[in-house]
Amino acid sequence: MSAGDDFGERFDAVLEGMAESAALTERFLDTELYRVQLAALWASAVSRPASFGLATDELEGFYDFLNARTRAVLGDDEPVLATFRHLLTPAGEQALVRARAPKHLRDFLLHFAGLMVDPDGLGRRVAAARDGE
């Protein structure tokens, strides 16, 4: 059994549930809501892998699995990263509000989005803060 098959066994039901909750009709999906759910899933898995039944060394494989499973739904080459890029736009922030994400979740996802989109940015901000001390 490949790692992708194992992730499928563990997480396909989660992805199906996300699609069901974001469904507008049988044929149309609210991709904004789906992106919010995908972002919450990935960010939570990274911040607490054990609570998702993941080992830290499985995160890269899980990221690849999520991209492969959500590519057809979202149409992006790398849907997870594209989702976080989207959240940093006004439309993405509005999607978080429309999804009724609590403020702490919105703040967490926007912070995480910054790390996903510009991982070196955190290092620059920390260095700038140290220089200012």
Side-chain angles (χ1 to χ4, degrees):
M1 174 185 310
S2 74
D5 292 338
D6 182 47
F7 290 134
E9 286 180 14
R10 294 190 279 172
F11 295 100
D12 275 345
V14 172
L15 295 174
E16 288 170 18
M18 287 170 38
E20 286 174 15
S21 72
L24 297 172
T25 68
E26 197 171 302
R27 300 181 76 178
F28 295 103
L29 188 76
D30 180 343
T31 56
E32 296 277 324
L33 178 56
Y34 189 83
R35 284 186 188 280
V36 170
Q37 294 172 346
L38 178 61
L41 175 62
W42 174 246
S44 297
V46 169
S47 65
R48 297 183 329 264
S51 67
F52 284 77
L54 296 168
T56 303
D57 64 354
E58 290 182 295
L59 287 172
E60 185 176 345
F62 185 53
Y63 181 83
D64 293 340
F65 165 80
L66 288 176
N67 277 320
R69 287 295 206 273
T70 59
R71 194 168 284 127
V73 174
L74 297 173
D76 301 303
D77 288 336
E78 198 171 341
V80 176
L81 183 58
T83 290
F84 284 102
R85 282 190 183 119
H86 177 70
L87 289 181
L88 292 173
T89 68
E93 288 186 39
Q94 193 60 24
L96 289 168
V97 171
R98 249 186 359 96
R100 296 190 175 121
K103 183 171 178 1
H104 70 277
L105 178 60
R106 290 192 315 261
D107 292 346
F108 171 64
L109 292 178
L110 292 173
H111 174 73
F112 199 88
L115 296 175
M116 287 286 296
V117 171
D118 184 15
D120 296 329
L122 178 62
R124 287 191 302 274
R125 288 190 297 271
V126 169
R130 285 188 186 140
D131 290 345
E133 289 180 358

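Here the CG atom belonging to Leu87 is positioned 11.5 Å from the CZ atom belonging to Phe112, to the nearest 0.5 angstrom. One distance of note links CG of Leu38 with CZ of Arg69; it measures 13.5 Å at 0.5 Å rounding. Here the CG-CD distance, from Leu66 to Glu78, works out to 11.5 Å after rounding to the nearest 0.5 Å.
The minimum heavy-atom distance linking Ala22 with Leu33 is given by the pair CA-CD2, 3.8 Å. Residue Pro79 comes nearest to Arg35 through the heavy atom pair O-NH1, 3.9 Å, listed as atom of the first residue, atom of the second, then distance. The minimum heavy-atom distance between Leu59 and Trp42, with the atom names listed, is O-CH2, 3.4 Å. Minimum heavy-atom separation, Leu29 to Ala19: CD1-O, 3.2 Å. When every heavy atom of Leu109 is checked against every heavy atom of Ala43, the shortest pair comes out as CD2-CB, 3.8 Å.
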Inset, instruction - Before giving the answer on side-chain contact (heavy atoms from CB on, under 4.5 Å), spell out for Phe108 and Ser47 the whole-Å C-alpha distance, their side-chain angles and the decisive distance to 0.1 Å. - result: CA-CA 10 Å; Phe108 171 64; Ser47 65; 3.9 Å; yes

Inset, instruction - Would you please test Val46 and Tyr63 for side-chain contact (heavy atoms from CB on, under 4.5 Å) and show each step? - result: CA-CA 10 Å; Val46 169; Tyr63 181 83; over 6 Å; no

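One N or O on the side chain of Arg10 and one on the backbone of Gly53 form a donor-acceptor pair closer than 3.5 Å. Proximity of a side-chain donor or acceptor of Ser21 to a complementary backbone N or O of Met18 within less than 3.5 Å is detected.
Under a hydrophobic clustering in which Ile, Leu, Val, Met, Phe, Trp and Tyr are joined whenever their side-chain heavy atoms come within less than 4.5 Å, directly or via other members, Val97 and Leu88 fall into different clusters.
Across Asp77, Leu74, Val80, Leu81, a single residue satisfies side-chain contact (heavy atoms from CB on, under 4.5 Å) together with Asn67, and that is Val80. Screening Thr70, Asp12, Asp6 against Phe65 for a side-chain contact (heavy atoms from CB on, under 4.5 Å) leaves a single residue, Asp12.
Asp64 has its side chain out of reach of Phe7: every pair of non-hydrogen atoms, C-beta onward, lies at least 4.5 Å apart. Counting heavy atoms from C-beta outward, Val36 and Glu32 have side chains that stay 4.5 Å or more apart. With a 4.5 Å cut-off on side-chain heavy atoms, Glu93 and Arg106 do not count as touching. Side-chain atoms of Leu96 and Leu110, non-hydrogen and from C-beta on, do get closer than 4.5 Å to each other. Taking 4.5 Å as the limit, every side-chain heavy atom of Thr83 sits out of range of all side-chain heavy atoms of Met116.
Side-chain rings of Phe62 and Phe11 approach one another, their centers coming within less than 6.0 Å.
Arg85 has no carboxylate O lying under 4.0 Å from a charged side-chain N of Asp76, or vice versa, which leaves the two without a salt bridge.
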